[in-house]
Enquirer: 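Below are the structure tokens for one structure; questions will follow.
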Number of protein chains: 2
Amino acid sequence: MRRRTAGPGATATIADVAARAGVSTATVSRALATPDRVRPELVELVMRAVSESGYTPNNSARTLRTQRSRMVLVVVPSVANQMYAHVLRGIDTGLAPAGYGVIIGNLDNAPNKEGRFVDFAFARQVDGVILLCGFVPGSHGRSMASAGLPMVSILSPIVDSDIPDVGIDDHAAGREAARHLARLGHRRLGYAAGPREHVVDTARWTSFREGALAEGVDPADIVRIEGGEGMRYTYRSGVAAGERFLAMTRRPTAVFCGSDEIAIGFMKVMRDAGVSVPEDVSVMGIDGIEQTDYTHPVLTTIRQPRQDLGRAGAELLLGMMDGRSDAAHRRVRLPFEFLARASTGAPPAEAAGRISQDLAPARMG
Amino acid sequence: MRRRTAGPGATATIADVAARAGVSTATVSRALATPDRVRPELVELVMRAVSESGYTPNNSARTLRTQRSRMVLVVVPSVANQMYAHVLRGIDTGLAPAGYGVIIGNLDNAPNKEGRFVDFAFARQVDGVILLCGFVPGSHGRSMASAGLPMVSILSPIVDSDIPDVGIDDHAAGREAARHLARLGHRRLGYAAGPREHVVDTARWTSFREGALAEGVDPADIVRIEGGEGMRYTYRSGVAAGERFLAMTRRPTAVFCGSDEIAIGFMKVMRDAGVSVPEDVSVMGIDGIEQTDYTHPVLTTIRQPRQDLGRAGAELLLGMMDGRSDAAHRRVRLPFEFLARASTGAPPAEAAGRISQDLAPARMG
DNA sequence: CGCCAAGTTGTAATCGATTACAGAAACGGC
DNA sequence: GCCGTTTCTGTAATCGATTACAACTTGGCG
């Protein structure tokens, strides 16, 4: 049997290193993994041989033997989305110290891409999965859940499952948004919706509504403004919602948007239509992407600890992959931060409840 | 030898499938890879056994044997950056049809993270590498270039190397920016810089300068405004540049920013300082991120075909990995799109050349 | 000096796929 | 009916690591 010698360009194998150091492959492997179980002189020999040959263990071989790939699949609806991108970054910083790498499963908001990633799971290409998409991917009747891999969801709980999740308290966030707007004096509230049937959107909408009711707002004056089919949490969704808003005969005086991007799209339509924010309509978002610091007016929003969410999810998954099933951490809630800024203010005088309504005729005359 | 039977939860191996179908593992492998070389009845048998057992080939085993991982490493300075995120998306859509997955190498703008990804390359965990970072990662004196993997760069050429790259013509872009501003009447121009020594930034700055000179602008009136150390192409870099701009005694009347994010940060500072855009100062960016459609005023910019750049890079790499070294494609230049919009306009009257300067004293008096 | 335990090292099995090679079966031509 | 070719299938080698097990050395203790 002729062994390929490690010439320049060719990759050295453990056998090359063993030959060069004059020891067996087992010793090389041990010298690298458990140096305390090998005589110091040999460790030294092996180390020299390793650096001389530029040896890096072949990952497939190691994975095949140890049944651990040290890779994690992150399933994300869209990498191009600010929010997901930042969470992804947090995940990476959380996994890196443990030596785990990230394979990105970009759904691109297209449902037919799930199959590829389901295969990744069943092919044992990853040791665990982090979902940012709010559901468990599946295709051809085969769910990723049945691959038997540790799984964690971030940003959204997974309904009807016991998959641990990390996120903020979306209900509290929705209620707080309603409270903020109601306390500014608003009595007609709108919610510029994200994707229909999405867990997070539903949570935000229902709790916004609850919060508004709790503040004594008339149920008929809490409206959901749809953003259009398949537009998800995008600028364009906000644009569509803004156009619907303009077409309304009895407009809300304040609008809570299902995401910051929606809010920004919404504000753009307002500006173009000559409706000023916050004088004519208050607008707020949620997520707290960096961009909200640079809008005009600066956007009131609820900041999610994006990076921390990612890191916490990563650490939770690491624990599960190590077999430490800290049942205590099955539902992690991190605090959000309410940023009351310039895009929300008191309602216009003619819409501000009974007292102002009395003044309204004078203003009109 | 006792074989683990494929119970629920356990992953089926090719041996399980072979046993169930009553054939050898070789036949199973062939039935899946080259069905035309196996008797139809057996193919049928195997297919049934596969779906009954939920078999998915183990990826490490396959990779180890075939020496192809069907994975690509994408090294990106920061996943949280809009521009890179969109290119990444293009890469993914380009690679997916060929069955390649993406491993993300997020440098996070921190130089010490390179080592991890260099190891990925040497561990043969990927078949190819796409660089968005403008340089070849390396650590401990070992460059990723010596791993002998196909490599492609997107967005930036790699100096002193023959690594193929895909991008726009940054020199043409810089010149066109200068031309646009000069033809609007501007005679004092600024460049809000990106990271020092970055190839792309250098290209944009030098060509902007060249373009301005070609339009007859006085060399002394073309200034580079630094954004601050280590801030790269960020909003904060634009804020820093904006502050430096305000501190200048003889301000440019138009500023070309090294990225859209810089431009947005810059405009924020202008607004807060009561300097209006474009009346007092014209501002333009480059990249063409979606967000520029939602700024006020809408940002003049140069749109790079982000997604197409990613896809083109992916296809170039696919060709190299398949051994088709189309030397013709070693430097791909895609067209950019100049978007002249509301953030750039004529210079303020008192700065518009000789005639206006004659008027200036009258104004002061 | 003999024996047992502890410490080292090497041999070879193993992970799960692909594929070279050989053998068997089927087929056709003379 | 025999032989060569084609088509199909199975056996076993192979990829490159880790690690169980065996073998050998060394040292301590009675």
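If you're wondering where the values come from, they're calculated on a predicted model, not measured in any experiment. Quick note on labels: first sequence line is chain A, next is B, and so on, each numbered from 1.
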Enquirer: At 10 degrees resolution, what angle do the end axes of the helix from dC1(C)-dG30(D) to dC30(C)-dG1(D) form when each is taken over five base pairs?
Expert: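 End-to-end axis angle for the helix from dC1(C)-dG30(D) to dC30(C)-dG1(D): 50°, rounded to 10°.
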Enquirer: Just the rounded figure in Å: distance from C1' of dT25(D) to CZ of R39(A).
Expert: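 Distance, rounded to whole Å: 10 Å.
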Enquirer: Return the polar atom pairs (N/O with N/O) between nucleotides 17-19 of chain D and the protein under 3.5 Å, or none.
Expert:
from	atom 1	to	atom 2	distance (Å)
dA17(D)	OP1	Y55(A)	OH	3.1
dA17(D)	OP1	N58(A)	N	2.9
dA17(D)	OP2	I14(A)	N	2.2
dA17(D)	O5'	Y55(A)	OH	3.1
dT18(D)	OP1	R62(A)	NE	3.2
dT18(D)	OP1	R62(A)	NH2	3.1
dT18(D)	OP2	S29(A)	OG	2.6
dT18(D)	O2	R65(A)	NH1	2.4
dT19(D)	O4'	R65(A)	NH2	3.4

Enquirer: Please identify each residue that fulfils side-chain contact (heavy atoms from CB on, under 4.5 Å) with N59(B), with sequence neighbours left out.
Expert: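 With sequence neighbours excluded, N59(B) shows a side-chain contact (heavy atoms from CB on, under 4.5 Å) to A123(A), Q125(A), T63(B), given in chain and number order.
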Enquirer: Output, in order, the C-alpha distance, side-chain angles, deciding distance and verdict of side chain to side chain contact (heavy atoms under 4.5 Å, CB included) for L131(B) and V136(B).
Expert: CA-CA 7 Å; L131(B) 304 173; V136(B) 180; 4.1 Å; yes
Enquirer: What is the distance, rounded to the nearest whole Å, between atom CZ of R37(A) and atom C1' of dA6(C)?
Expert: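 To the nearest whole Å, that distance equals 10 Å.
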Enquirer: Distance check needed: dT9(D) P versus D36(B) CG, whole Å only.
Expert: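 These atoms are roughly 12 Å apart.
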Enquirer: Tell me the interatomic distance from Q125(B), atom CD, to dG16(D), atom C1', rounded to whole angstroms.
Expert: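 About 14 Å, once rounded to whole Å.
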Enquirer: So, using ring-ring contact (aromatic ring centres under 6.0 Å, His included) as the criterion, who are the partners of H198(A) when residues are at least two apart?
Expert: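 In terms of ring-ring contact (aromatic ring centres under 6.0 Å, His included), with neighbours along the sequence ignored, H198(A) is linked to Y233(A).
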Enquirer: Enumerate, atom names and distances included, each donor-acceptor pair closer than 3.5 Å involving a side-chain atom of residues 95-107 of chain A, sequence neighbours excluded.
Expert:
from	atom 1	to	atom 2	distance (Å)
Y100(A)	OH	R68(A)	NH2	3.0
N106(A)	OD1	V79(A)	N	3.2
N106(A)	OD1	D108(A)	N	3.2

Enquirer: Please give, in whole Å, the distance from dG16(C) P to R124(A) CZ?
Expert: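 Rounded to the whole Å, the gap is 10 Å.
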Enquirer: Would one find a side-chain N or O of Q67(B) under 4.0 angstrom from OP1 or OP2 of dT14(D)?
Expert: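 No.
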Enquirer: Roughly how far apart are I163(B) CD1 and M144(B) CE, rounded to 0.5 Å?
Expert: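 Those atoms lie 10.0 Å apart.
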Enquirer: Looking at the side chain of S24(B), which of dT11(D), dT9(C), dG16(C) is the nearest nucleotide?
Expert: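 Nearest listed nucleotide: dT11(D).
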Enquirer: Where do R330(A) and D165(A) land on the side chain to side chain contact (heavy atoms under 4.5 Å, CB included) test, with the steps shown first?
Expert: CA-CA 6 Å; R330(A) 297 196 83 68; D165(A) 70 271; over 6 Å; no
Enquirer: Could you tell me the separation between the CD atom of E41(A) and the C1' atom of dT8(C), rounded to a whole number of Å?
Expert: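 Going from E41(A) (CD) to dT8(C) (C1'), I get 11 Å.
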Enquirer: Give a yes or no on whether N112(B) atom CG has more than 12 heavy-atom contacts from other residues, nucleotides or ligands under 6.0 Å away.
Expert: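 Atom CG in N112(B) is packed in, count exceeds 12.
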Enquirer: Between R311(A) and D308(A), does at least one N-O distance fall below 4.0 Å, as a salt bridge requires?
Expert: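 Judged by the 4.0 Å cut-off on N to carboxylate O distance, R311(A) and D308(A) do form a salt bridge.
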Enquirer: Going by the rule side chain to side chain donor-acceptor pair (under 3.5 Å), which residues pair with E44(A) if we only count those two or more places apart in sequence or in a different chain?
Expert: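 Partners of E44(A) under the side chain to side chain donor-acceptor pair (under 3.5 Å) test: none.
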